[in-house]
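In what follows, a structure is listed as structure tokens, so that the remarks can point back to it.
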Amino acid sequence: MTGEEPEVSTVEEAPGRPAVADSDEEAPRLEAVRRYAALETASGGAFDRVAALAARIFQAPFATVTIVGDDLVRVIAAHGPPARRAIAEVSIMEPVIVESPTVEAPIVGTLCAAAVRHDGPHAVSDARLHPGAAGDPAVRGEPGIRFHAAAPIVTPDGEPLGSVNVMDTRPREAGEEELACLRDLADLVMDELQVRLVTQRTVEIERQLRAGAERLARTLQRTLLPPALPRVPGLRAAAAYHPVSADEVGGDFYDLFPLDGDRWGFFLGDVCGKGAGAASLTSLVRYTLRAAAVYDADPHAVLANLDAVLQQEHAGGDIPAPYCTAVFGVLQPDGDGFGVTLATGGHPPALAVRADGVVEPIHPAGGQLIGILRNPHFAQVGARLNAGDALLLYTDGLTEARTETGSMLDEDGLTACLAAAGPTSADALLDTVHDLITALGEGVSDDTAVLALSVPPATRSSSSGSQGAA
């Protein structure tokens, strides 16, 4: 080097890092860039403050925080108008080739791309005398960058993602203390990227756990409900379950099953609690109701047997006794309709929608909670479903839902909704309830199970004039 040859940088190229990066050597670094999603990192307050602090420490007009990819440099924060304009330039310019320092590009492209090849903070005293930057438009033209200092942003495993950069329009030297501060700022950027990575991974793990919990809840919920309702001659039956939470098992249940002769049993209810405990209790209740009905199908006796089982389940235990509400009924074909016997224990009344559209509650007087009271009373009543009639059983998640006025829907609101719909069938009843729950939206705070039974309306045969069930 002669006396006329200028010194172009305050530091030499870092030992062990060639001036032109080898593709094999770049692979781990680029993998780190992808791992931290650094090129997709949105600018934010933390990075903007780093750029502002860097400019203040160096008393320089411009500062940036940049990430270097395989063929582009992205500015994620900038201080100073020319540096901010560089953000737009980098986003629309032809890709900056990291391996070639002679490509004409904004200085945030050439010198920042080279910064990742240094093991620590470094400075270029005069960019016009630097072989890799002298031809850069930002150096030879506006804003006329002369000084550039950078500290690489390095991952815990030693891979550089980009750099924190300071630029000035006059040539100058960088002090050791300034470069040390620049390194600290680069470390702060890395800490922020690390926090974002951990947060992203945590969110992804939580998403996967939630998805797994939802799958488990759906699977478990299906085991607590019949996969399909049986076909009952002369009757249409339909049921639905409307959960509030996708990842929590509820305690609502229903069933329809054959008894002796041509009789059919059905029930619907709600156990206390949520989750695994409620699932276990629901399974016990469903099994007990079906088994008790086989032994003695009288609805009052069925609920009394269920109460005895629940009372015994935690007799003398320290935890609160399990309890539930339920309605149990027996269907008996009778001409063109069905006789219905219902018994209830602490459950909302069933609603009969008659063929003329009148809604009538089918509710025995009294009927206390099942499994928690000493010598509880269970009420029983008889009714009839004629041709064109329908019967709706539901859990209190429906009637305790809040309307837009903040009041509960309650039995009167549900009755008014069904009356407005007019004469109906089991399937249409389910559609009406679904539409109602959808309209209530966030006012619904508990799961809802519904079971609907309907007798097809009578039809007259044109050939014989006889009348029968459809």
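The backbone N or O of F253 lies less than 3.5 Å from no partner atom in the side chain of Y241, so there is not a single donor-acceptor pair. The main-chain N or O of A301 is found under 3.5 Å from a side-chain atom of D298 such that the two form a donor-acceptor pair. Side-chain atoms of D48 do not come within 3.5 Å of backbone N or O of A77 as any donor-acceptor pair. Checking side-chain atoms of D270 against main-chain N and O of T325 turns up no donor-acceptor pair under 3.5 Å. When atom types are taken as modelled, the side chain of R29 and the backbone of V68 share a donor-acceptor pair closer than 3.5 angstrom. Judged by distance alone, the side chain of D307 and the main-chain N or O of G371 form a donor-acceptor pair under 3.5 Å. For D334 (side chain) and G337 (main-chain N/O), no donor-acceptor pair under 3.5 Å exists by modelled atom type. No donor-acceptor pair closer than 3.5 Å links the side chain of Q332 to the backbone N or O of W264. Checked by atom type and distance alone, the side chain of N165 pairs as donor or acceptor with a backbone atom of S163 at under 3.5 Å.
Closest approach of L453 and A237 over heavy atoms only: CD2-CB, 3.7 Å. Of all heavy-atom pairs spanning A63 and A54, the tightest one is CB-CB, 4.1 Å. Considering all non-hydrogen atoms of both residues, V455 and A387 come closest at CG1-CA, 3.7 Å.
With a 4.5 Å cut-off on side-chain heavy atoms, V433 and L392 count as touching. Between P121 and V164 there is no side-chain heavy-atom pair separated by less than 4.5 Å. Within the 4.5 Å cutoff, the side chain of D262 has heavy atoms near those of the P333 side chain. Here the side chains of V353 and E360 are not in contact, with every heavy-atom distance at 4.5 Å or above. P376 is not listed as a side-chain neighbour of I370, based on a closest heavy-atom distance of 4.5 Å or more. Proximity of E411 to L351: side-chain heavy atoms (C-beta onward) are separated by under 4.5 Å at one or more points. Using a 4.5 Å heavy-atom cutoff, the side chains of L193 and M190 are in contact. Residues V330 and L259 are in side-chain contact: their nearest non-hydrogen atoms beyond the backbone lie under 4.5 Å apart.
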(message) Show, in sequence, the C-alpha distance, side-chain angles and deciding distance for L436 and L414, and conclude whether the side-chain contact (heavy atoms from CB on, under 4.5 Å) test is met.
(response) CA-CA 9 Å; L436 177 59; L414 178 58; 3.9 Å; yes
(request) Please report the C-alpha distance between L393 and Y254 in whole Å, then the side-chain angles of each, then the deciding distance to 0.1 Å, and finally whether the side-chain contact (heavy atoms from CB on, under 4.5 Å) criterion is met. (result) CA-CA 9 Å; L393 285 73; Y254 57 81; over 6 Å; no
(message) What verdict does the salt bridge (charged side-chain N to carboxylate O under 4.0 Å, His left out) test give for D157 and R35, after you've listed the backbone C-alpha separation in whole Å, the side-chain angles of each residue and the deciding distance to 0.1 Å?
(response) CA-CA 12 Å; D157 55 352; R35 184 169 70 251; 3.3 Å; yes
(request) Go through the steps for R354 and L385 under the test side-chain contact (heavy atoms from CB on, under 4.5 Å), then give the verdict. (result) CA-CA 8 Å; R354 299 302 182 183; L385 292 180; 4.2 Å; yes
(message) Between T66 and I153, is the side-chain contact (heavy atoms from CB on, under 4.5 Å) condition met? List the steps.
(response) CA-CA 9 Å; T66 58; I153 302 165; over 6 Å; no
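Considering CD1 of I437 and CG of D447, their distance stands at 10.0 Å, rounded to 0.5 Å. Distance check, rounded to the nearest 0.5 Å: SG of C324 to CD1 of I372 gives 10.5 Å. Here the CG atom belonging to D187 is positioned 12.0 Å from the CD atom belonging to Q194, to the nearest 0.5 angstrom. The CZ atom of F266 lies 10.0 Å from the CZ atom of F257; values are rounded to the nearest 0.5 Å. Atom CZ of F328 and atom CG of L306 lie 10.5 Å apart (nearest 0.5 Å). Taken to the nearest 0.5 Å, the CD atom of Q311 stands 8.5 Å off from the CG atom of N375.
With 3.5 Å as the limit, one finds no donor-acceptor pair spanning the side chains of T448 and H242. At a cut-off of 3.5 Å, with distance as the only test, a side-chain donor of T395 or D252 sits close to an acceptor on the other residue. Between N305 and T288, the side chains place no donor N or O within less than 3.5 Å of an acceptor N or O (distance only, hydrogens not considered). In this structure, a donor-acceptor pair under 3.5 Å is absent between the side chains of D427 and S425.
Each of L179, L185, V166 was evaluated against I57; a single residue qualifies, L185, per the side chain to side chain contact (heavy atoms under 4.5 Å, CB included) test.
Within 6.0 Å of the OH atom in Y323, the count of heavy atoms belonging to other residues, nucleotides or ligands does not exceed 12.
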Determine all donor-acceptor pairs shorter than 3.5 Å in which one atom belongs to a side chain in residues 397-406; sequence neighbours excluded.
unit_1	atom_1	unit_2	atom_2	d
R402	NH1	G406	O	3.0
T403	OG1	T405	N	3.4
T403	OG1	T405	OG1	2.9
T403	OG1	S407	O	3.2
T403	OG1	S407	OG	3.3
T405	OG1	S407	OG	3.0

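Classification of R384 and D336 as a salt-bridged pair holds, one side-chain N sitting under 4.0 Å from a carboxylate O.
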